[in-house]
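Here the structure comes first, spelled out in structure tokens, and everything after it is commentary.
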Amino acid sequence: MIAAPSVLSLDYSRMNEEVRQLNESGAQYLHFDVMDGHFVPNLTFGPDILKGFCRISDLTKDVHLMVDDPVYYSNVFIEAGADIITFHTEAMQNNAGMIKDLAMSIHAQGRKAGLTLRPGTDLLSLKPFMNDFDLFLIMSVEPGFGGQKFIPESADRIRQLKQWIADSQSKALIEVDGGINAETAQICADAGADILVAGSFVFRNDIRKAVQQLCAVHAS
Ligand code: DX5
Ligand code: ZN
């Protein structure tokens, strides 16, 4: 399993120490939650913070855009060092042309593109894009805050998405985000997840141990 700790839950009074532990933990991704206070009722980091993380960590910068204008901010965060840009279908009014164009623009800049949706949005809104994206992010909590409970219905969405990916010979990976801990990680792995985002589980415990637990998870 690829572990993607979410630095939303980092203790910023100990940033250097915690990022050092993260770098040595076996995590492959650093999940970076960008919130604009409009798309979700919370406000987080700008591009200069991502540049700071790039100076102290070589982990793959997995940027999750929870913003009203992902077209503008994908360029801003690519310029700031993002390796992966994941955006929400709801921010693109489910306009297939716009969604495909943004994926192509992210690829044209040599980065990977991800598509995601709120837990309450019909999973069918991902179906037309199976061959346009490198990953699909299943939100297993309502976007906006860390520390929420895993939504159990997410497992069915992971399974359904896995089937569509297989049926369309897509190489896309499935990332799951929200309420991930040792127990829900296994549920997601069994349903077909490839990458697990975890904020509170990692940063409220021993960072290395928590990441190792996530990396060790596989479908039973
Ligand atoms: C929520 C973010 C998640 C969040 C995960 O909007 O997208 O990445 O940081 O935090 P936990 O793992 O604590 O649910
Ligand atoms: Zn996220």
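Numbering of ligands and ligand atoms starts at 1, following listing order. For clarity, every value in this text was computed on a predicted model and none was experimentally measured.
Atoms of ligand 1 lying under 4.0 Å from any heavy atom of Met35, numbered from 1 in the order shown and given with element: 6 (O). Counting the atoms of ligand 1 from 1 in the order shown, those under 4.0 Å from a heavy atom of Val197 are 8 (O). If you number the atoms of ligand 1 from 1 as listed, the ones under 4.0 Å from a heavy atom of His31 come out as 8 (O). Numbered from 1 in the order shown, with element, the atoms of ligand 1 that lie under 4.0 Å from a heavy atom of Ala198 read 12 (O). Distances below 4.0 Å separate heavy atoms of Met66 from the following atoms of ligand 1: 6 (O), 7 (O). Less than 4.0 angstrom separates some heavy atom of Met139 from each of these atoms of ligand 1: 7 (O). Ligand-side atoms of ligand 1 in range of Gly178: 14 (O), range being under 4.0 angstrom from any heavy atom. Below 4.0 Å from some heavy atom of Leu8 lie the following atoms of ligand 1, by number and element: 9 (O).
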Next item on the list: For Asp11 and Ser13, run side-chain hydrogen bond (donor to acceptor under 3.5 Å, both in side chains): C-alpha distance rounded to whole Å, both residues' side-chain angles, the deciding distance at 0.1 Å, then the answer.
Entry: CA-CA 5 Å; Asp11 174 353; Ser13 70; 2.6 Å; yes

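When the N, O or S atoms of Asp177 are ranked by distance to the Zn ion (ligand 2), OD2 comes first.
The aromatic rings of His88 and His64 sit parallel, their planes meeting at an angle under 30°, below the 60° perpendicular limit.
Between the side chain of Asp33 and the main chain of Leu8, no donor-acceptor pair closer than 3.5 Å is present. With Gln212 contributing its side chain and Ile207 its backbone, the two residues share no donor-acceptor pair below 3.5 Å. Judged purely by atom type and a 3.5 angstrom limit, Asp69 has no side-chain atom pairing as donor or acceptor with the backbone of Ser74.
Between Val141 and ligand 1, no N or O atom pair is found at a separation short of 3.5 Å. An N or O contact shorter than 3.5 Å is missing between Gln148 and ligand 1 by distance. In terms of polar-atom proximity, defined here as any N/O pair under 3.5 Å, Ser200 does make such a contact with ligand 1. Residue Ser9 has no N or O atom closer than 3.5 Å to an N or O atom of ligand 1. Between Gly179 and ligand 1, a contact under 3.5 Å exists for at least one N or O pair. In terms of polar-atom proximity, defined here as any N/O pair under 3.5 Å, Gly146 makes no such contact with ligand 1. On a distance-only criterion, Gly147 and ligand 1 share at least one N/O pair closer than 3.5 Å.
If you check the side chains of Gln163 and Asp167, you find a donor sitting under 3.5 Å from an acceptor. Side-chain contact annotation: Ser125 with Asp122, donor-acceptor N/O pair under 3.5 Å absent. Side-chain contact check for His107 and Asp134: at least one donor-acceptor pair (N or O, by modelled atom type) lies under 3.5 Å. Asp190 and Ser220 share a side-chain donor-acceptor pair at under 3.5 Å.
From the protein, the heavy atom lying nearest to atom 12 (O) of ligand 1 is Gly199 N, 2.7 Å. Looking only at protein heavy atoms, the nearest one to atom 6 (O) of ligand 1 is Gly144 N, 2.7 Å. Of the protein's heavy atoms, Asp177 OD1, 2.9 Å lies nearest to atom 3 (C) of ligand 1.
Taking a 6.0 Å sphere around OH of Tyr12, one finds it holds more than 12 heavy atoms contributed by other residues, nucleotides or ligands.
Computed with the Zn ion (ligand 2) at the centre, the His64 ND1 to Asp33 OD1 angle is 90°, stated to 10 degrees.
Between Phe133 and Phe87, a ring centre-to-centre spacing shorter than 6.0 Å is recorded.
Of the listed residues (Val7, Asp33, Leu65), the one carrying the non-hydrogen atom nearest atom 4 (C) of ligand 1 is Asp33.
Under a hydrophobic-cluster definition in which Ile, Leu, Val, Met, Phe, Trp and Tyr are linked whenever side-chain heavy atoms come within less than 4.5 Å, directly or via other members, Phe77 and Ile106 are assigned to the same cluster.
Between Ile158 and Ala193, the closest heavy-atom pair is CG2-N, 3.8 Å.
Distances shorter than 4.0 angstrom occur between a heavy atom of Phe145 and an atom of ligand 1.
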